[in-house]
**Student:** 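Following this message is one structure expressed as C-alpha cells.
Just so it is clear, the values below take in all heavy atoms, side chains as well, and ignore hydrogens, waters and symmetry mates.
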Amino acid sequence: MCNPKTATTEYTTEMEILAEVNKPEEKRPKRRLAPVFKPYDNRQSFAIFDVESLVPDDHVARVIDEMIETIPDDQLIAHYSGGGRSSYHPKMMLKIILYAYSQKEYSCRRIEKLTRESIPAMWLAAGQLPDYRTINEFRGVRMPKMIDDLFEAMVMELHHRGFIDFENYFLDGTKIEADANKYSFVFKKAVLGYEEKLKKKISETLQEIHEIAEAEGFEMGSLPEGDPSVEELMETVSRLEGQEEILTDKSEKETDTAVRKGIRRKRSMIRRKLKLVRDDFIPRKEKYAAQLEVCGEDRNSYSKTDPDATFMRMKEDHMKNGQLKPGYNIQMATENQFVLFYSVHQRPTDTRCLIPHMEAYRETALPMPKRIVADAGYGSEENYLYLLGEEDGEAVADFLIPYNTYLKEQSRSYKKNAYNAKNWAYHEEDDLFVCPNGRKVRFKKYMKKKNASGFVQDFKIYECEDCSDCPLKALCTKAKGNRQVHWNPIYEELKAKARKALDDETLKQIYALRKIEVETVFGNLKGNLAFRRFHLRGLDKVHLEFGILALAHNFLKVAGILRMPSAKHIQNKRKEAKNDLFFASFIILGTYRTAPFNIGSRIGSHSRSA
C-alpha cells in the first residue's frame with residue numbers, strides 16, 4: 001500500500017529547532033521578605049490593674065482563697081494578743097503558705113520568693129511582701145495553735161460541698177524521714193547495756209574505796225551499796241573531798257620527808273577515786289538516765305538531732321541493706337482520695353497506732369464514719385475489741401480489717417495441711433481435738449499472755465495425750481514433749497466476724513477500694529509533691545507540717561475536679577466582668593493611649609483563654 005500524500009521538492013522530514021528553545025532562561029531574583037515581629041519593648045512601663053484576671057477560675061489558688069475565706073475572722077484573730085505593730089492578716093499568711101506547699105515549695109525563703117514572682121501568689125498576698133522571717137514565725141509559732149481547728153473546718157467545708165460524706169474511713173500508715181542525721185542514733189538496748197556495765201564498775205570502785213578506808217583508817221562513814229543514785233554518789237564525792245583536804249593539811253604540816261611522801265601517796269589514791277566518781281560515774285549515770293527517759297517505755301531508739309524521731313525501717317532503702325533512719329509514722333484516713341484525718345506517731349508498727357489515732361479522731365467535732373477500712377497490719381485482738389466497744393461499752397464503727405493470716409487461710413495448702421490444729425476435728429462436748437494420728441488433744445489449763453502494749457490475752461492450752469511413739473511427731477511438732485495447741489477463743493471469734501464481713505461481695509468491693517484510696521494519696525504526697533522528708537523538727541511541728549501538706553493535697557484535689565468537663569457548670573461569668581473592669585480602668589486613668597494597643601488586647605485574650 002502506498003502513501004497517498006504527495007511531497008514537494010521543498011519538503012523535508014527533519015524538524016527545525018526553534019531559536020527560543022536553545023536560548024538560556026534568565027533567572028529572576030526571588031522576592032525577599034522582611035521578618036515581622038510583634039511589638040516588644042520591656043523597657044516601656046505598663047500597668048496591670050487586675051492581677052486576678054490572670055488567675056484561671058479552676059486554679060488551686062482560687063480554691064485556697066475560697067476555702068480560707070469561709071473561716072470566721074474571730075477564729076484566727078483569737079490567737080493574737082493586741083498591741084504592737086500591725087501584723088499581716090492571718091488569712092493572707094495561711095493562703096500563701098498553703099499555696100506554696102501545693103507548688104512543692106517548703107522553704108520560707110522560697111515562699112517569700114514566690115510572693116514576688118508568682119502571679120497567683122501575688123494575688124493571694126494582695127501585693128504584700130512578708131519576708132521569710134515573718135513567714136517562718138507565723139508557721140512555727142502561730143500555726144501550731146490553729147492547725148487542728150483549721151484542718152477540721154476545711155474537712156467540714158468539703159463535706160458541705162459534697163466532696164466527702166464520711167461513709168468509709170480508709171486508714172493506712174506511712175513512714176516519712178525526719179529532719180535529722182541518720183547517724184545520730186541512740187538505741188535503748190545499747191544504753192541499758194552500758195548502764196549495766198557502769199553499775200558493775202561503780203560497785204567495784206566503791207568496794208575498793210571501802211577497803212582503802214579500812215586499811216588506812218579513813219573515816220568515810222557508810223558508803224552506798226548496789227546501784228547508788230546520783231545523790232548518793234555526790235555524797236560520796238563530798239566525803240572523798242573532805243578526806244583529801246585532811247591529807248593535804250597533814251602533808252603541809254609534816255616535816256619528815258618519808259612520812260610526807262606516804263601521806264601524798266594516800267592522797268593520790270583518794271584523788272584517783274574521787275576523779276573517777278566525780279568526772280566519770282556521775283556524768284555517765286545522768287547521761288544514761290536522760291537517754292532512757294527520752295526513749296520512754298514505747299520507743300527503742302531516738303535521734304540526737306530530733307529527739308522526737310524514732311529510727312525506723314523505710315521503704316526508700318537506696319543502699320539495700322535495711323538501714324534504719326529517723327522518722328515518724330503517719331496514720332492517715334481518706335475518702336474519695338481526700339484526707340479526712342491524720343495523726344503522727346513515734347511507733348514503727350501500725351498495729352498499736354489504731355487506738356490512739358481513733359481516740360484523737362473522737363476528740364474532734366468531725367462525724368464518726370460508718371465503716372473503718374484498713375489492711376491486715378491493724379487486725380489484732382485488741383483493735384477488734386476496741387472497735388466493737390468492749391472497752392467502754394460503745395462501738396466505735398463497723399470495720400473491714402483482715403487479720404494477719406487471712407490471705408494465707410485462703411490458700412489450698414493451708415486448708416489441706418493436716419498438721420494445722422484449725423483443720424483438726426473438734427468435739428465440743430468433750431472440749432478436745434483429734435490429731436491426724438487419731439489421738440486426743442485434751443484441754444489442760446488456762447493461760448494469760450501480756451503483749452508489748454500491756455494488753456492481756458486469754459489462751460486455752462490443749463495437749464496431746466501421748467506423742468512419744470507417734471510416727472508423725474516430726475511432721476507435727478518440734479517440741480520435745482507432747483504437741484500443744486494454744487487456742488484463743490475470743491480472738492478466734494473476732495476473726496470469724498472479720499472473715500464473714502470480708503467474704504461479703506458488696507463489702508469486698510469496698511475493701512478493694514482501699515488500695516486506690518490511701519495509697520494514691522501517699523503516692524501524690526511523696527511523688528508529685530516530692531515530700532519525702534520533713535523540714536521541721538519536733539513532734540508538734542511535724543504534726544503541723546503534715547497538716548499543711550494534707551490541706552494542700554485536698555485543695556489540689558478540688559482544683560482537679562473543677563477542671564473536669566463534668567464540672568464546667570460550676571464556673572461562673574466572673575472573667576467577662578473582670579475584663580470589662582480592666583479596660584475601664586485604663587480609660588479612667590488615661591493610660592490607655594500611652595500603652596501599646598496590643599498589650600491590652602494580649603492580656604485580655606490571655607484571660608479569656610485561661
Side-chain angles (χ1 to χ4, degrees), residues 173 188-189 192 292 295-300 329 331 345-359 362 372 374-397 399 401-409 414 417 419-435 439-467 473 476-502:
K188 185 177 182 179
K189 186 176 180 180
L192 291 173
L292 292 175
C295 284
E297 297 181 358
D298 297 332
R299 292 202 293 165
N300 294 321
N329 189 356
Q331 297 294 310
H345 302 265
Q346 297 171 301
R347 300 187 182 104
T349 57
D350 294 338
T351 308
R352 296 175 58 191
C353 293
L354 183 140
I355 295 179
H357 173 84
M358 294 307 302
E359 285 295 316
R362 295 174 75 176
I372 297 175
D375 60 14
Y378 300 89
S380 67
E381 179 184 354
E382 184 178 6
N383 291 340
Y384 286 154
L385 291 175
Y386 170 80
L387 295 175
L388 289 174
E390 297 294 334
E391 299 294 332
D392 54 6
E394 182 181 356
V396 178
F399 58 88
I401 304 177
Y403 45 92
N404 54 358
T405 59
Y406 173 74
L407 292 179
K408 185 178 179 181
E409 291 178 1
Y414 184 91
N417 186 3
Y419 306 104
N420 186 356
K422 294 184 178 181
N423 297 328
W424 293 354
Y426 175 70
H427 299 277
E428 186 176 358
E429 62 277 3
D430 298 325
D431 194 13
L432 58 83
F433 292 91
V434 179
C435 74
R439 301 185 180 184
K440 297 179 180 180
V441 183
R442 299 180 181 276
F443 169 74
K444 182 179 181 181
K445 62 179 180 179
Y446 289 99
M447 186 177 65
K448 295 182 180 292
K449 290 183 180 180
K450 183 183 292 187
N451 59 15
S453 64
F455 179 75
V456 179
Q457 295 177 296
D458 296 321
F459 286 88
K460 295 178 68 175
I461 309 301
Y462 295 81
E463 186 173 335
C464 184
E465 52 189 1
D466 186 17
C467 295
K473 181 179 180 181
C476 186
T477 180
K478 297 181 180 179
K480 295 181 180 180
N482 297 330
R483 166 72 186 271
Q484 286 188 347
V485 176
H486 292 221
W487 190 263
N488 188 340
I490 299 176
Y491 191 29
E492 293 299 328
E493 183 179 352
L494 295 173
K495 290 197 292 186
K497 178 179 176 62
R499 184 166 52 248
K500 181 180 179 181
L502 291 167

**Student:** When the ring planes of Tyr462 and Tyr426 are compared, do they come out parallel, tilted or perpendicular, using 30° and 60° as the limits?
**Tutor:** perpendicular
**Student:** Run the ring pair (Phe, Tyr, Trp, His ring centres under 6.0 Å) test against Tyr414 and tell me which residues pass, sequence neighbours left out.
**Tutor:** none
**Student:** Assign the ring pair Trp424 / Phe433 to parallel, tilted or perpendicular, where the plane angle (0 to 90°) is split at 30° and 60°.
**Tutor:** perpendicular
**Student:** According to salt bridge (charged side-chain N to carboxylate O under 4.0 Å, His left out), does anything in residues 478-488 pair up with another residue at least two apart or in another chain? List the pairs.
**Tutor:** none
**Student:** Could you tell me which residues satisfy side chain to side chain contact (heavy atoms under 4.5 Å, CB included) with Ala376, sequence neighbours excluded, listed by chain and number?
**Tutor:** Pro402
**Student:** Counting only heavy atoms not in Lys440, do more than 12 sit closer than 6.0 Å to its NZ atom?
**Tutor:** no
**Student:** My understanding is that only one of Arg442, Gln484, Lys445 makes a side-chain hydrogen bond (donor to acceptor under 3.5 Å, both in side chains) with Glu463; could you say which?
**Tutor:** Gln484
**Student:** As an exercise, state the distance from CZ of Arg347 to OG of Ser453, rounded to the nearest 0.5 Å.
**Tutor:** 8.0 Å
**Student:** Contact between Asn451 and Glu382 at the side-chain level, heavy atoms closer than 4.5 Å - yes or no?
**Tutor:** yes
**Student:** May I ask you to check whether Gln331 and Asn329 show a side-chain donor-acceptor distance below 3.5 Å?
**Tutor:** yes
**Student:** Looking only at non-hydrogen atoms, find the nearest pair between Asn300 and Cys295 and report the distance.
**Tutor:** C-SG, 4.4 Å
**Student:** For a 4.5 angstrom cut-off between non-hydrogen side-chain atoms, does Phe399 reach Leu388?
**Tutor:** yes
**Student:** Any donor and acceptor pair, going by atom type alone, linking the side chain of Asn423 with main-chain N or O of Asn417 inside 3.5 Å?
**Tutor:** yes
**Student:** Should Phe455 and Leu385 be marked as a side-chain contact (heavy atoms from CB on, under 4.5 Å) after you check the CA-CA gap, both sets of side-chain angles, and the distance that decides it?
**Tutor:** CA-CA 11 Å; Phe455 179 75; Leu385 291 175; 3.7 Å; yes
**Student:** List the atom of Arg439, the atom of Asp466, and the distance in Å for their closest heavy-atom pair.
**Tutor:** NH1-O, 2.5 Å
**Student:** Check side chain to side chain contact (heavy atoms under 4.5 Å, CB included) between Lys448 and all other residues, then give those that pass, not counting sequence neighbours.
**Tutor:** Val456, Asp458
**Student:** Donor-acceptor check, side chain of Lys473 to backbone of Gly481, threshold 3.5 angstrom: yes or no?
**Tutor:** yes
**Student:** According to salt bridge (charged side-chain N to carboxylate O under 4.0 Å, His left out), who are the partners of Asp430, at least two apart in sequence or on a separate chain?
**Tutor:** none
**Student:** Does Lys449 have any side chain to side chain contact (heavy atoms under 4.5 Å, CB included) partners at least two apart in sequence or in another chain, and if so, which?
**Tutor:** Met447, Phe459, His486
**Student:** Should Leu292 and Lys188 count as side-chain neighbours, where that means a heavy-atom distance under 4.5 Å?
**Tutor:** yes
**Student:** For Gln346, check side chain to side chain donor-acceptor pair (under 3.5 Å) against everything at least two apart and list the hits.
**Tutor:** none
**Student:** The test is side-chain contact (heavy atoms from CB on, under 4.5 Å); show your working for Asn383 and Ile401 and say whether it passes.
**Tutor:** CA-CA 10 Å; Asn383 291 340; Ile401 304 177; 6.0 Å; no
**Student:** If you count the non-hydrogen atoms of other residues, nucleotides and ligands that lie under 6.0 Å from CD in Glu429, is the total more than 12?
**Tutor:** yes
**Student:** Could you report the tightest heavy-atom contact between Tyr384 and Ala498, atom names first, then the distance?
**Tutor:** OH-CB, 3.8 Å
**Student:** Tell me, please, which residues at least two apart from Tyr406 pass ring pair (Phe, Tyr, Trp, His ring centres under 6.0 Å).
**Tutor:** Tyr403
**Student:** Who pairs with Thr349 by side chain to side chain contact (heavy atoms under 4.5 Å, CB included), at least two apart in sequence or on another chain?
**Tutor:** none
**Student:** List for me each residue that meets salt bridge (charged side-chain N to carboxylate O under 4.0 Å, His left out) alongside Glu492, sequence neighbours excluded, and say none if there are none.
**Tutor:** Lys422, Lys495
**Student:** Restricting to salt bridge (charged side-chain N to carboxylate O under 4.0 Å, His left out), what partner residues turn up for Arg499, sequence neighbours left out?
**Tutor:** Glu409
**Student:** Check the side chains of Tyr386 and Glu359 for a donor-acceptor pair under 3.5 angstrom, ignoring hydrogens and angles.
**Tutor:** yes
**Student:** Rounded to the nearest 0.5 Å, what separates atom CG in Asn482 from atom SG in Cys467?
**Tutor:** 4.5 Å
**Student:** Name all residues meeting the ring pair (Phe, Tyr, Trp, His ring centres under 6.0 Å) criterion together with Tyr378; count only those two or more places apart in sequence or in a different chain, and write none if there are none.
**Tutor:** none
